[in-house]
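Quick notes on the structure that follows.
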Amino acid sequence: MSDTIRVRFAPSPTGHLHIGGARTAIYNWAFARRNGGTFVLRIDDTDPERSTEDNVNAIISSLRWLGIEWDEGPICGGAFGPYFQTQRTSSYEGALAALRDSDGVYPCFCDPADLAARREQARASGGVAGYDRTCRTIDPSVAKARIDAGEPQAWRLKVPERRGDIVFTDVVRGKSTFNASVMDDFVVVRTDGTPTYNFATVVDDIEMRITHVIRGDDHLSNTPRQILVFEALGAAAPTFAHLSMIWGPDGKRLSKRHGATSVETYRERGYLPEALVNYLALLGWSLDDKTTVIDSETLTSNFSLERVSKNPAIFDAEKLEWLNGVYLRALTPSRYAEVMLPYLMDAGLLTADEAAHRQTWLEELATLVAERAKRLDEVVPMVRFLFEESVTIDDSARAKVLEQEGAAGALDSAVDALGALQEYAPQTIESALRSVPGAIGVKPKLVFQAVRVAISGSTVSPPLFESLALLGKERSLQRIRAARTSVGS
RNA sequence: GGCCCGUUGGUCUAGCGGUGAGGACGCCGCCCUCUCAAGGCGGAAAUCACGGGUUCGAAUCCCGUACGGGCUACCA
């Protein structure tokens with residue numbers, strides 16, 4: 001593996017893995033794979049208030065479920081660890097010391113509340129809202145005395161006087177220019193000694209030898225600040241690639257009120273990881289002008305930042321569903337049975353033990369359901385009738401089918417025809433039932449629908465003959481008789 | 001307010017000076033069919049945000065405007 005390219009995904013464990021974060025991770029991962037680079041996972045847990053271990057675990061398990069594997073990071077370790085920012089305080093302290101030595105920072109004794117007020121005032125009068133540099137002019141010896149006296153201080157980056165505009169080329173958006181005059185001396189280390197985001201990420205990116213920073217464009221405005229830190233630390237800035245946001249249907253940042261936003265939820269609802277990866281990859285990137293079904297292999301061997309789109313994308317749940325259906329249909333029966341089983345078990349339809357004894361039966365069931373479900377959780381209502389002892393017939397189905405003229409006779413004949421079968425299999429069942437309409441002078445559809453309603457309780461079900469076979473002769477006859485009885489004469 | 005960024009059918013996108021503006025989801029119709037799906041075929045749907053330029057020629061290049069978004073913290 002070449003080490004020329006190193007990228008990282010650095011989630012902050014303040015929640016589960018978000019759809020947008022997942023896409024960022026996918027792009028980083030695909031980019032690393034495509035270029036023979038290294039993909040680093042780093043946990044940016046510097047916010048003690050909101051970061052939790054549960055969230056770290058959830059993020060890790062979501063990434064794994066998606067099939068996104070990191071080369072360095074939690075669990076697997078690596079040569080540039082640790083990979084949790086809370087364990088890297090010595091790095092930040094070292095970087096601060098270096099900046100103090102090089103006169104790249106200065107202590108700030110301003111009161112935060114006071115600062116906020118000044119900022120408000122500056123903004124109100126139409127001025128620049130940045131820090132007014134009050135403490136920048138304090139004489140170093142005075143500053144040292146105040147620190148020694150125990151006065152609390154934060155550290156601010158001393159933006160060079162003659163730095164000029166900050167210009168960088170973003171791989172997806174092109175050349176970006178930020179006017180130097182708007183760069184204020186931002187805080188790099190807080191009063192409590194902890195590093196701010198813009199400082200910690202840069203220190204880490206330098207130490208971890210990150211060459212390409214691929215992240216959401218909510219960080220675009222942070223980039224010039226970070227470039228200043230890279231420069232102050234005497235390091236070359238990496239290449240940046242800012243991804244546009246993912247929006248909800250209303251054009252606002254995708255959030256809980258738009259529905260499911262965490263990868264975990266999609267997993268629970270029966271989406272396949274490969275479908276989610278495919279969909280997310282396409283939300284802002286395209287292989288060419290016509291391909292929409294792209295497996296991981298194709299993605300990791302063709303991904304390029306140059307083909308990442310600049311505009312924000314609205315998350316289209318329906319297209320994801322469609323794509324999930326495509327992947328679901330492509331599963332082999334045994335694989336389908338495997339992924340479907342947890343849903344069946346959760347619904348209490350069968351136990352793991354029973355499943356082990358009904359492998360073939362489950363695979364047959366899988367083939368029936370495969371081209372009908374877009375999500376795995378949809379199979380439960382679809383197949384429930386095949387597991388339960390008896391079935392309750394839906395009122396509208398009864399009215400629409402069973403109470404139709406000829407239905408009773410059709411059920412009687414069906415019982416006779418099926419009852420006579422030696423071999424109870426889809427083919428034999430089909431020919432038996434197909435002989436009924438002609439014999440009693442009724443439309444084939446009426447027979448099929450009547451039997452369907454009788455065994456499933458509904459006018460909609462998986463294919464009839466196969467369903468009857470899976471149900472078994474005994475229960476089939478039982479249900480048809482029960483339905484027949486309920487219709488009366 | 002200031003600074004940035006974006007704008008091709010309802011949605012995701014292709015396009016990178018000359019195309020009938022292509023594909024996909026969704027929608028509609030037809031076919032297939034035991035229901036539902038799946039599949040096949042066809043269709044509607046884009047004045048390429050708007051207004052100016054540049055050019056023989058602009059969705060493509062330039063400048064404005066509008067709309068949307070992001071940042072503007074001792075959050076990340």
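Here is how names work: the chains are called A, B, and so on, in the same order as the sequence lines, proteins then strands, and each is numbered from 1.
Checking B:G51 for Watson-Crick or G-U wobble geometry (two distances, each under 3.5 Å) identifies B:C63 as its partner. B:U35: no Watson-Crick or G-U partner with both key distances under 3.5 Å is found in any strand. Across all strands shown, the partner of B:C71 is B:G2, judged by Watson-Crick or G-U wobble contacts whose two distances both fall under 3.5 Å. The nucleotide B:U11 finds its pairing partner in B:A24, both defining distances of the Watson-Crick or G-U wobble pair being shorter than 3.5 Å. Across all strands shown, B:C30 forms a Watson-Crick or G-U wobble pair, both distances under 3.5 Å, with B:G40.
Taking 4.0 angstrom as the limit, A:Arg119 places a side-chain polar atom (N or O) nearer than this to OP1 or OP2 of B:C74. Residue A:Asn311 places at least one side-chain N or O closer than 4.0 Å to OP1 or OP2 of B:U8. The side chain of A:Arg50 places no N or O atom within less than 4.0 Å of a non-bridging phosphate oxygen (OP1 or OP2) of B:A76. Regarding contacts with the backbone of B:C34, a side-chain N or O of A:Arg434 is found under 4.0 angstrom from either OP1 or OP2.
When distances are taken from the side chain of A:Pro312 to each of B:G6, B:G26, B:G70, the shortest belongs to B:G6. Among B:U35, B:C25, B:G39, the nucleotide with an atom closest to any side-chain atom of A:Arg452 is B:U35. Of the candidates B:A76, B:A24, B:G70, B:A24 carries the atom nearest the A:Thr292 side chain, counting heavy atoms from C-beta on. Here the nucleotide nearest the side chain of A:Gln449, chosen from B:G69, B:C3, B:U35, is B:U35. Relative to the side chain of A:Arg307, the nucleotides B:G15, B:A37, B:G22 differ in distance, and B:G15 lies closest. Side chain of A:Leu283, nearest nucleotide from B:C12, B:C34, B:C25: B:C12. Listed candidates were B:G23, B:C3, B:G26. Nearest to the side chain of A:Glu318 is B:G26. Across B:C34, B:C25, B:U13, the shortest atom-to-atom separation from the side chain of A:Trp322 is found for B:C25. For A:Asp44, counting side-chain heavy atoms from C-beta on, the closest listed nucleotide (B:A76, B:G6, B:G26) is B:A76. Nearest nucleotide to the side chain of A:Tyr197, out of B:U11, B:C34, B:A76: B:A76.
Residue A:Arg215 is out of contact with every strand shown, counting any heavy-atom pair closer than 4.0 Å. Contacts of A:Trp155 with the nucleic acid, taken as non-hydrogen atoms under 4.0 Å apart, are absent. A:Phe465 comes within 4.0 angstrom of a base, heavy atoms only. Using a 4.0 Å heavy-atom distance criterion, A:Leu464 is classed as a base contact. Within the nucleic acid shown, A:Cys110 comes within 4.0 Å of at least one base atom, counting heavy atoms only. Using a 4.0 Å heavy-atom distance criterion, A:Pro224 is classed as making no nucleic acid contact. When heavy atoms are screened at a 4.0 angstrom cut-off, A:Pro462 is found touching base atoms of the nucleic acid. Residue contacts for A:Ser461: at a heavy-atom cut-off of 4.0 Å it reaches a base atom on one of the strands shown. Note on A:Ser456: nothing from the nucleic acid sits closer than 4.0 angstrom, heavy atoms only. Using a 4.0 Å heavy-atom cutoff across all strands shown, A:His219 reaches at least one base atom of the nucleic acid. As judged by a 4.0 angstrom heavy-atom cut-off over every strand, A:Asp192 is placed among residues making no nucleic acid contact. Nucleic acid contact class of A:Ala154 (heavy atoms, under 4.0 Å, all strands): base. Residue contacts shown for A:Thr196 are limited to sugar-phosphate atoms, with no base heavy atom under 4.0 Å away. A:Gly216 comes within 4.0 angstrom of nothing in the nucleic acid, heavy atoms only.
Remark: A:Arg156 fails to qualify as a cation-pi partner of A:Phe186 under the 6.0 Å distance and 45° angle criteria applied to the six-membered ring.
A:Arg173 and A:His242 share no donor-acceptor pair across their side chains, judged by distance under 3.5 Å alone.
A donor-acceptor contact under 3.5 Å is formed by the side chain of A:Arg372 with the base of B:C36. With hydrogens and angles left out, the side chain of A:Asn198 and the base of B:A76 share no donor-acceptor pair within 3.5 Å. One N or O donor and one acceptor, one from the side chain of A:Thr191 and one from the base of B:C74, sit under 3.5 Å apart. With hydrogens and angles left out, the side chain of A:Lys319 and the base of B:A24 share a donor-acceptor pair within 3.5 Å.
For the pair A:Val203/A:Leu96, no side-chain contact is recorded, criterion being any heavy-atom separation below 4.5 Å from C-beta on.
Relative ring orientation between A:Phe448 and A:Phe465 is described as perpendicular, the plane-to-plane angle rising above 60° on a 0-90° scale split at 30° and 60°.
Aromatic ring centres of A:His219 and A:Tyr197 lie closer together than 6.0 Å. Checked against a 6.0 Å centroid threshold, the rings of A:Trp247 and A:Phe315 do not count as neighbours.
A gap of 35 Å separates the C1' atoms of B:C48 and B:A38, to the nearest Å.
Taking the charged nitrogens against the carboxylate oxygens, A:Asp217 and A:Lys310 have no contact shorter than 4.0 Å, which rules out a salt bridge. Salt bridge status for A:Asp114 with A:Arg118: present, with a side-chain N to carboxylate O gap under 4.0 Å.
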